[in-house]
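See below for the structure under consideration.
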Amino acid sequence: MTSNGGNNGEVLLEMRGLRIEGQSEDQWNEIVHGIDLTLRRGEVLGLIGESGAGKSTIGIASMGFARPGCRISGGSIVFDGMDLRAASDEQLRKLRGSRIAYVAQSAAAAFNPAHKLIDQYSEAPVQHGVKRKGEAEKEAMELYRRLRLPDPENIGFRYPHQVSGGQLQRAMTAMAMACRPDLIVFDEPTTALDVTTQIEVLAAIKDVVEEFNTAAIYITHDLAVVAQMADRIMVLRYGDLVEEDNARDMLANPKEDYTRQLLAVRTYRKEEAPPDESPVPLLEVRNVTASYGGRVIVLDDVSVKVGRGRTVAVVGESGSGKSTLARVITGLLPPSEGAVLFDGEELPATYKKRSRDQLRHAQMIYQMPDTALNPRQRIRDIIGRPVSFYLGLKGADREKRIRELLEMIEMDPDEFIDRLPGELSGGQKQRICIARALAAEPELIICDEVTSALDQLVAEEILKLLQRLQDDLGVTYLFITHDLATVRAISDEVVVMLEGRVVEQGGKADIFTPPHDPYTDLLLSSVPEMDPDWLDNLLADRAARKARGEKVMETSDQ
Amino acid sequence: MAKILKMVTQRLALGFLTLFVVSMIIFLGVELLPGDFAQEILGQSATPETVAAFRRELGLDLPWYTRYFDWLGGVVQGDFGKSLASRRDVSDLIGGRLLNTLFLAAVAAAISVPVAMILGVLAALYRNTLFDRTINVFTLTSISFPDFFVAYILILFLAVNWNIFPSISNVSSDLGFWEHVYRVILPALTLTLVIVAHMMRMTRAAIINLLASPYIEMAMLKGISRSRIVTHHALPNALAPIINVIVINLAFLVVGVVVVEVVFVYPGLGQLLVDSVAKRDIPVVQASCLIFAATYILLNLTADVLSILTNPRLLHPK
Amino acid sequence: MAQIWKLLKSAPPTALFGLAVIAAYILVAIFGPLLTPYGESEIVGSQFELWGEGFVLGTDNLGRDMLTRLIYGARNTIGIAFVTTCLAFLIGGVLGLLATTLGGWADQLLGRLVDVLMAIPILIFALLILTITGTSVPVLILVIAVLDSTRVFRLARSVSMNIVVLDFVEAARLRGEGTWWIITREILPNAMPPLVAEFGLRFCFVFLFISALSFLGLGIQPPTADWGSMVRDNATLITYGDITPLLPAGAIALLTVGVNFVVDWFLHKTSGIRDDK
């Protein structure tokens, strides 16, 4: 994708000093502070940054559009010689869909549930007077085939809810292509997908964009993904440009600290914890089978052992049953068969029957720190409650312990103890959740996707904090995650799950070195790497193996 | 298709079960409450013999289930028993009045539904403009007014001061259609004013909710014209919520007639009910309550079923 | 104090109007007897005297002072509606929160019961019961409160349903907290804004409902001064173009308009905060 546009093509889109304001509580605040952006024909530009960087707002501004609660307040946007800020609504309308198209993050929400896929495909060409319906439909089938959707002649006649997430995302890419636009804005098109599905969508997008020599703005928070897609990358932070460069040059030789941090984000590795010498593991899940409402089995004969002071990562994609496993261990979902043993002693199946001490020993940290903290309680009460509830501390002792805990999670007690959760950032909230878990002085902490709602740099800080706490306190972790980078960073042992079963388990080194179980292989090979050639090489490798007649497992979301 | 059929059947079954339970409540409410009902009606001065005879006449000496099923059996055949006050058949009393009530409700609905829909959609499309704010203040005020306040204001101006419409809606069955409409125009207007406000606010909320959907933004980014977005993208998905709004308000309307009928001395079921409550004419009260409740339940059931039938996710299962 | 002042300054004129109306009504209700020389049911003149000297707003159908009746009516009508609403919230709110927190069969049972009760229009149900029980103020309050509590139950349940699934409630459960703690410390503080708004709306509904019943002659009974029955008693005047019967009706309307304006502002404010997240 490097040779299409480069620096020689004709300029297609040019933004100068773009300023955008967002509304909060009847006030307008600037969220994008004068961005310059140039895009040539056939070029793919990656916009990357963490939340609040303004990347999506800038991307959508290239269509002359601002979402409700936002407004373009300054600068110029010129698309193919046309000033979009001066253009009339009617001129903009004619441009959108026909010459600039948009691919949204959630295809499931962006497709109208009342119409068939192919009707939504042909709507833009017919309405813009580019093609007749029959012609558009024929082309749709062509594109569906090209995007490797199953049954391309008929899939278009389905409704959005009848098609899987990965397929919908490809159908939306096809829809964006319908008028053969000059520019497509991809707004985090794979963020909501599982890694193994992501590959298919990335490959499909890359293929059609190259085929039609379409220019694209590719928005994502994941540098490894953008590395596969973009010719050039702009790194954004808080509505400002941090660095802009050719993709390969930036990866090889980042100039700014912030870019370097983003690049280094997946390289953290902990030292392996000493093996647990005691004969009885701290936690044992023994042959557990569980279902919701007795019908659909979500866990099928699962056994896991967690040794003292170790970190065991349970990894799997959506629907693998990894979160259900956490619910069984905490007693929220009593298993239909099997048992959970803590320190060799069988725990009652439901948390309601567990003693206060049994509850205290296993604490939980959640994925969404926003919903894990009661927004109406102050930090003092959030952390103080388990201190007094489990340990019976009162008055000055309680206050002293709360302050100790805040210091353990590297937050200044004087500054934070009287705050409400709404006054904290996402990372700080997650730290409070950790402190609340520690307040119980537990032996085991179950971490359920604790970093996936956080920006990458913040997530890494949280992982490091958790590791330091383990080193200091000897606490044991059970890590539930879908993210292999997290697994690599923090685990001592790994359990790979697929469709409610354990596919493979063992030490981290064993799992990450071949030979793998076919699913582990698929999962591991699907994690994007910071190498611009990674996707091409991977696809070539998989194709070659298939050609040799080897069995290559594919995502269930075909 | 099998799934949708199953869901509709389930709703219908549930609706009829509710109807059955409600009829039981209406019939047995008398039973469950403390005190001897016959004694209450006849007063403290009644001799024990009179009370006993009265109880026999009402069938109060029989077990409740026998009486309930006798009553229900009669109801199914249109026989609601005899009025305590006038000794006439309840069905005779009710028949014509029910038609009058339905006529009034129909006139009110014919005016209010289109007005509310149009205003509601406009307010949603021009959200936060002066038009929207004005409408909001107007509807809030209108919702806050008691029915009889609206009614008397209309009487004061349209009947007394300007003498355009009659202040008393005196109708009989020999009137022509338009004469009938003319006579009920004031009560119908009263109902309209109250109901339009509710219906319009609900429509506005439903449409705003819908317009915030990502697929509407997608349609805008596809360069689809505003009118086509409304007709093609919003409307098919708005059907279910809008039907819901209409039917809920129709149900509200049927009950709302009670007060309005009293104000305008309109010979409908509502007025009969109020009179009978005052006279404690139990069989008439039971019959009227059952009819009102049944209409209400059936309307809500219709809304339920229609919203299943217009849901694309259910119409085209996986 | 400064905060309250700031809040008031940011309020739209409709909300300020509403607040002023509510304050005025409360004052009149409290200090009513001091504002008028006559007693509540005291017959002081002949029937239907015109507005003027002695009787500012004339007299009613029995020769009682209209203004005096209006002032006492504020006490009775608002007082009864307020007590009824409080009772309805007590019943419906507690049951709704219990249903979500306990879940399982308790939730199912209460849910079905409320479904059936709500299948009957509230006016029809009230008329049915009042036929049997007869009308007295305590009965009226009890009946309407119970019927209205079904609506409160629905709302309390759906609001707390959204809260009870949040992780912080799960965390409290897993900590071993009891039901009482979970309801009062975890759920209730977060359910307050919609419940407060609903209190305003339910009060309006109950207030209008009691007035309607009284207007029909089936609510608050004479000689207690009450706005609904005052409209009914003096309604004949309207046919002579006399607006006196519109006064009690207008008094009802003004208060509900005021409350609705304030609630509308409150809803707008609290939902605005939610959008920020």
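Chain letters run A, B, ... following the sequence lines, proteins first and then strands; every chain starts at 1.
The candidate from Leu255(C), Thr14(C), Val231(C) with the greatest count of non-hydrogen atom pairs under 4.5 Å with chain B is Val231(C). Counting heavy-atom pairs closer than 4.5 Å to chain C, the top residue among Val285(B), Leu17(B), Val21(B) is Val285(B). Of the residues considered (Leu246(C), Leu117(C), Ile252(C)), Leu246(C) shows the highest number of contacts with chain B, using heavy-atom pairs under 4.5 Å.
A donor-acceptor pair under 3.5 Å is absent between the side-chain atoms of Thr84(C) and the main chain of Ala145(C), judged by distance alone. Of the possible donor and acceptor atoms, none in the side chain of Ser149(C) sits under 3.5 Å from a partner among the backbone N and O of Ile91(C).
Heavy-atom distances place both the backbone and the side chain of Leu216(C) under 4.5 Å from chain B. Interface remark: Arg133(B) contributes no atoms to any contact with chain C (heavy atom separation under 4.5 Å). For Ile143(B), the parts lying under 4.5 angstrom from a heavy atom of chain C are both the backbone and the side chain. If you measure heavy-atom distances from Thr18(B) to chain C, the contacts under 4.5 Å come from the side chain alone. Heavy-atom distances place the side chain of Phe148(B), and not its backbone, under 4.5 Å from chain C. Only the side chain of Leu273(B) comes within contact range of chain C, with heavy atoms under 4.5 Å apart. Residue contact with chain C, scored on non-hydrogen atoms closer than 4.5 Å, involves the side chain of Val262(B) exclusively.
Judged by the 6.0 Å and 45° rule, Arg202(C) forms a cation-pi pair with Phe205(C).
Residue Phe82(C) places its CZ atom among 12 or fewer non-hydrogen atoms of other residues, nucleotides or ligands, all under 6.0 Å distant.
With salt bridges taken as basic N to acidic carboxylate O contacts below 4.0 Å, one links Arg112(C) and Asp115(C).
Under the side chain to side chain contact (heavy atoms under 4.5 Å, CB included) rule, Ser214(C) has a single partner from Ile80(C), Leu140(C), Asp226(C), which is Asp226(C).
Using cut-offs of 30° and 60° for the angle between ring planes, the Tyr68(B) and Trp71(B) rings count as tilted.
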